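Ligands are counted one by one from 1 in listed order, and the atoms in each one are counted from 1 as well. In this text the structure is predicted, and so the values were computed from the model without any measurement. Numbering of residues begins at 1 and proceeds along the displayed sequence.
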Amino acid sequence: MSTAFDDHHPPAADLIADCVHCGFCLPACPTYQLWGEEMDSPRGRILLMDAARRGEVDLNDTVVQHWDACLGCMACETACPSGVRYGRLIEQTRQQVERRYRRPWPERMYRAVLFAMLPYPLRLRVVAQLLALYQDSGARRVLRRSGVIRRLPQRLRELEALAPALSRRRLEESPPERSAVSVGRARLRVTLLRGCVQRAFFGDVSAATARVLAAFGCEVSAPRQQGCCGALELHSGREQAALARARALIAALEAGDPDRIAVDSAGCGASMKEYGELLADDPIWAERAAAFSARVRDVSEILDELGPPALPMHPLPMRLAYHDACHLAHAQRVRAQPRRALSAIPGVELIPLDDADLCCGSAGVYNLVEPGPAADLGRRKAASIATAAPQALAAGNPGCLLQIGAHLSLAGQAIPTFHPVELLDASLRGIPVERLLADRSRLLAIDR
Ligand code: SF4
Ligand code: SF4
């Protein structure tokens, strides 16, 4: 049969055949919600995969755009009663697109620059330091107020709007290589992922993760010699680069033979849990990858497993909204654990958010390569948060924190955002709620 795909893991016919075209996934799909187009729904995209597999359509601009517009949010997997593995299908499709479709040259250049930066923590660190200087010095505020930013080319304007609120003080924190358990004997030995974006922009979150795990009875190691997990490349169809990073990360983190591998970034955790399947064909790595994936947990899963900490938790009286990161709620099915952890903080009142598990538009590099729909979803998310009017918002993924923070700021909403572990850490350390909220609000105010 003539086909638009090559024979290296094309979207599998049996996975495609699992879709019975019932359409239950359509209302859950953010792009279908935005445009109401069948071909921008999970069912439509699967039909296109099938047509390409049968050679009925080429990998032309129109077909590829329908797949490119998919956020990879996996809301369709949650909604699908037939258990269609859409995530695997779109991953395999994107690998085919990267190998067999030639994007226009400006797009190729742009993506090449992105992937020459994003998986490299040291390069990102330089960017983060420059951004912090740009904000701390007041240059951002001056340029925004003077209208210079509005005259930049569209892509630069969008990137500038997404730049996270940083300060050089915030960037100085990172988890120590070893954290002893805070009280008593170790209940688990845990190795912590440092990540790439997380390491460069949110080292303070990972430092909080290490402290919280130690307070819950974990002996924590966070080896400095570790790289990116490959998630961003994997979700963009760059298979070989992603697999090379997976092998390197397995070698770096399995060395201490930990009981658990803790991740505080939902997108990374979802990919690391997939390593076993991704490397199943590799005779040297298959077994190690499967053993590695079996030990990977989101930090909230580990806290849930351990129960209450040995140290007292101090009150943080606040109305808090929780946003479900797609790669936590849909890809890893982790919804209750972070909510239970947050509810255990005395004084925290978790308030519901409309469409808490609807994608915020971040989705890995999506907001960088598909800025239009990403911004539409970011605005919707900011509006839904504003309606709930919490005093703060929590989310377990750095991409969501960047995207939501940027859109709350653009909407003039002074609602500070936190990773759940930052709130647990503040409670364990007895930081007064007023100081916690004021410090974060001050940081967000830097760029207004
Ligand atoms: S992954 Fe998300 S955006 Fe893509 S088809 Fe599924 S629900 Fe729609
Ligand atoms: S992906 Fe699932 S929910 Fe969507 S049309 Fe196919 S079978 Fe139905």
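- Of the protein's heavy atoms, Cys29 SG, 2.4 Å lies nearest to atom 8 (Fe) of ligand 1.
- From the protein, the heavy atom lying nearest to atom 2 (Fe) of ligand 2 is Cys80 SG, 2.3 Å.
- Using a 4.0 Å cut-off to heavy atoms of Arg45, the atoms of ligand 1 that qualify are 3 (S), 4 (Fe), 5 (S), 8 (Fe).
- Taking a 4.0 Å cut-off on heavy atoms, Pro81 registers as neighbouring ligand 2.
- Considering only non-hydrogen protein atoms, atom 6 (Fe) of ligand 2 sits nearest to Cys19 SG, 2.4 Å.
- Note that CD1 of Ile345 and CG of Leu320 are 7.5 Å apart. Values are rounded to the nearest 0.5 Å.
- Atom 7 (S) of ligand 2 has its closest protein heavy atom at Val20 N, 3.4 Å.
- Residue Tyr32 does not touch ligand 1, judged by heavy-atom distances below 4.0 Å.
- Taking each heavy atom of Ala329 and Arg335 in turn, the nearest pair found is O-NE, 3.8 Å.
- Those atoms of ligand 1 that come under 4.0 Å of a heavy atom in Gly72, given as number and element, are 1 (S), 4 (Fe).
- Ligand-side atoms of ligand 2 in range of Cys22: 3 (S), 5 (S), 7 (S), 8 (Fe), range being under 4.0 angstrom from any heavy atom.
- Each of Thr93, Asp50, Thr31 was checked for a side chain to side chain donor-acceptor pair (under 3.5 Å) with Arg45, and the lone residue meeting it is Thr31.
- If you check which protein heavy atom lies closest to atom 5 (S) of ligand 2, you get Gly23 N, 3.2 Å.
- Residue contacts with ligand 1 for Met74 involve N, CA, C or O but no side-chain atom from C-beta outward (heavy atoms, distance under 4.0 Å).
- Looking only at protein heavy atoms, the nearest one to atom 4 (Fe) of ligand 2 is Cys25 SG, 2.3 Å.
- For the residue pair Thr209/Asp264, the side-chain donor-acceptor check at 3.5 Å is satisfied.
- Residue Phe201 comes nearest to Leu124 through the heavy atom pair CE1-CD2, 4.3 Å, listed as atom of the first residue, atom of the second, then distance.
- Using a 4.0 Å cut-off between a side-chain N of Lys or Arg and a carboxylate O of Asp or Glu, Arg339 and Asp324 qualify as a salt bridge.
- Within the model, atoms CG of Leu401 and CZ of Phe418 stand 10.0 Å from one another, a figure rounded to the nearest 0.5 Å.
- Residue Tyr86 approaches ligand 1 through these ligand atoms, each under 4.0 Å from one of its heavy atoms: 1 (S), 4 (Fe), 5 (S), 6 (Fe).
- Taking CG of Asp204 as the reference point, atom CZ of Phe202 lies at 8.0 Å (rounded to 0.5 Å).
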> Going through the distances and angles, do Leu249 and Tyr275 end up as a side-chain contact (heavy atoms from CB on, under 4.5 Å)?
Replying inline: CA-CA 10 Å; Leu249 190 68; Tyr275 282 178; 3.6 Å; yes
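- Here the protein heavy atom with the shortest distance to atom 3 (S) of ligand 1 is Leu71 N, 3.4 Å.
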